[in-house]
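Okay, so here's the structure we're looking at.
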Amino acid sequence: MQTTAQIEFENLTPPAELQAVIEQHISELEKLYGVSAGRINVRGPVDRHEPGGQYKVNIRLALPNGREVNVGRTSKQDERYADLAYAVDDSFNQARSQLQDQEHLMGSGQTGSCEGEPVGTVVRIDPGGAFGFLESANGREIYFSFISVLEGRANITVGSRVSYVEELGEDGLQAFAVKVRAS
């Protein structure tokens with residue numbers, strides 16, 4: 001592993017293999033995305049004797065061109081984070097997803113302009129009508145909020161063809177400036 005990475009553990013004595021698992025995750029990301037530095041903090045439950053205590057994994061990775069990836073949110077409702085191996089693996093999966101999203105946006109040349117907007121199909125709509133998901137031409141599912149629908153909001157249904165602009169949001173790729181296309 002060539003990447004300079006600081007790995008810290010708080011409130012826990014890590015199993016011997018955990019360091020190797022984290023280093024393997026970093027090595028894979030280094031090969032795929034050019035990660036140049038990182039800081040990983042694994043924090044044990046504050047009260048290990050309290051049932052439902054969760055591990056928290058913070059990952060900060062530096063990439064070429066001043067880009068970085070930060071993963072650090074743990075849902076309080078996600079009981080799976082009581083398992084140390086799951087918490088580490090899922091956090092690295094989130095980091096990998098953010099890296100894929102960044103790579104996709106950079107490769108597609110998305111700059112927020114309207115030229116060459118991608119076209120997708122609405123595949124799901126929240127029963128409350130606040131948000132939905134569309135499928136891009138390459139099969140990726142992308143979140144959109146109904147606030148982001150510029151034209152044809154009343155006509156948007158599952159199966160609607162829409163144009164949109166992709167942007168990297170807090171939780172990954174999101175569709176903005178969504179417009180229902182004429183059939």
Side-chain angles (χ1 to χ4, degrees), residues 1-112 118 123-124 131 133-145 166-176:
M1 181 171 79
Q2 296 176 354
T3 299
T4 304
Q6 296 177 321
I7 303 172
E8 303 169 341
F9 300 99
E10 294 180 36
N11 299 332
L12 77 133
T13 304
E17 66 275 2
L18 184 60
Q19 180 95 13
V21 167
I22 291 172
E23 288 175 358
Q24 179 62 36
H25 278 297
I26 294 169
S27 178
E28 289 171 8
L29 296 177
E30 176 186 47
K31 288 176 192 168
L32 292 170
Y33 303 103
V35 173
S36 58
R39 181 178 178 157
I40 293 81
N41 178 275
V42 182
R43 191 172 329 144
V46 176
D47 184 358
R48 288 181 280 175
H49 303 292
E50 181 180 317
Q54 295 182 340
Y55 292 93
K56 182 163 178 77
V57 181
N58 292 305
I59 300 172
R60 185 171 184 179
L61 303 173
L63 299 129
N65 301 323
R67 297 178 299 139
E68 46 179 61
V69 168
N70 293 300
V71 174
R73 293 183 310 150
T74 303
S75 172
K76 294 188 188 301
Q77 290 84 22
D78 195 341
E79 295 174 2
R80 298 173 295 182
Y81 272 73
D83 179 301
L84 178 57
Y86 179 86
V88 169
D89 288 343
D90 188 61
S91 295
F92 273 98
N93 286 340
Q94 289 178 37
R96 187 174 290 103
S97 177
Q98 284 185 27
L99 287 164
Q100 288 170 342
D101 290 347
Q102 283 187 16
E103 185 177 76
H104 176 73
L105 285 176
M106 290 182 71
S108 68
Q110 289 290 332
T111 60
V123 292
R124 285 194 327 263
F131 63 91
F133 292 88
L134 59 91
E135 184 175 299
S136 68
N138 65 0
R140 294 190 81 174
E141 221 174 72
I142 303 173
Y143 167 88
F144 71 93
S145 167
E166 292 179 5
E167 291 188 14
L168 190 58
E170 188 175 309
D171 295 322
L173 280 180
Q174 296 183 9
F176 292 92

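Because the structure is a prediction, the values reported are computed rather than measured. Residue numbers start at 1 and run along the sequence shown.
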Report the residues that fulfil side chain to side chain donor-acceptor pair (under 3.5 Å) with Glu8, sequence neighbours left out, ordered by chain and then residue number.
Arg39, Asn41

The criterion is side chain to side chain contact (heavy atoms under 4.5 Å, CB included); which residues satisfy it with Tyr143, sequence neighbours excluded?
Phe131, Phe133, Ser145, Gln174

For Leu84, which of Val57, Leu18, Val21 qualifies under side-chain contact (heavy atoms from CB on, under 4.5 Å)?
Leu18

Please enumerate all residues that pass side chain to side chain donor-acceptor pair (under 3.5 Å) together with Tyr86, with sequence neighbours excluded.
Arg80

Could you tell me whether the side chain of Ser91 reaches within less than 4.5 Å of the side chain of Tyr81, counting heavy atoms only?
yes

Counterpart residues, side chain to side chain contact (heavy atoms under 4.5 Å, CB included), relative to Gln19 (two or more places apart):
Ile7, Phe9, Glu23

Exercise: identify the closest heavy-atom pair between Leu61 and Ala95:
CD1-CB, 4.3 Å

What is the distance from atom CG of Asp83 to atom CD of Gln54, rounded to the nearest 0.5 Å?
11.5 Å

Measuring from Phe92:CZ to Ile26:CD1, what's the distance to the nearest 0.5 Å?
4.5 Å

Grab the two heavy atoms, one from Gly44 and one from Tyr55, that are nearest each other, plus how far apart they are.
CA-CD2, 3.5 Å

Look up atom CZ in Arg124 and atom CZ in Phe144, then write down how far apart they are to the nearest 0.5 Å.
10.5 Å

Under the rule for side chain to side chain donor-acceptor pair (under 3.5 Å), what residues qualify as partners of Arg96, not counting sequence neighbours?
Glu28, Asn93

Spacing of Leu29 atom CG and Ile59 atom CD1 [to the nearest 0.5 Å]:
8.0 Å

Between CD1 on residue Ile142 and CZ on residue Phe176, distance to nearest 0.5 Å
11.0 Å

Mind checking the CG-CG spacing from Asn58 to Asn70? Nearest 0.5 Å is all I need.
9.0 Å

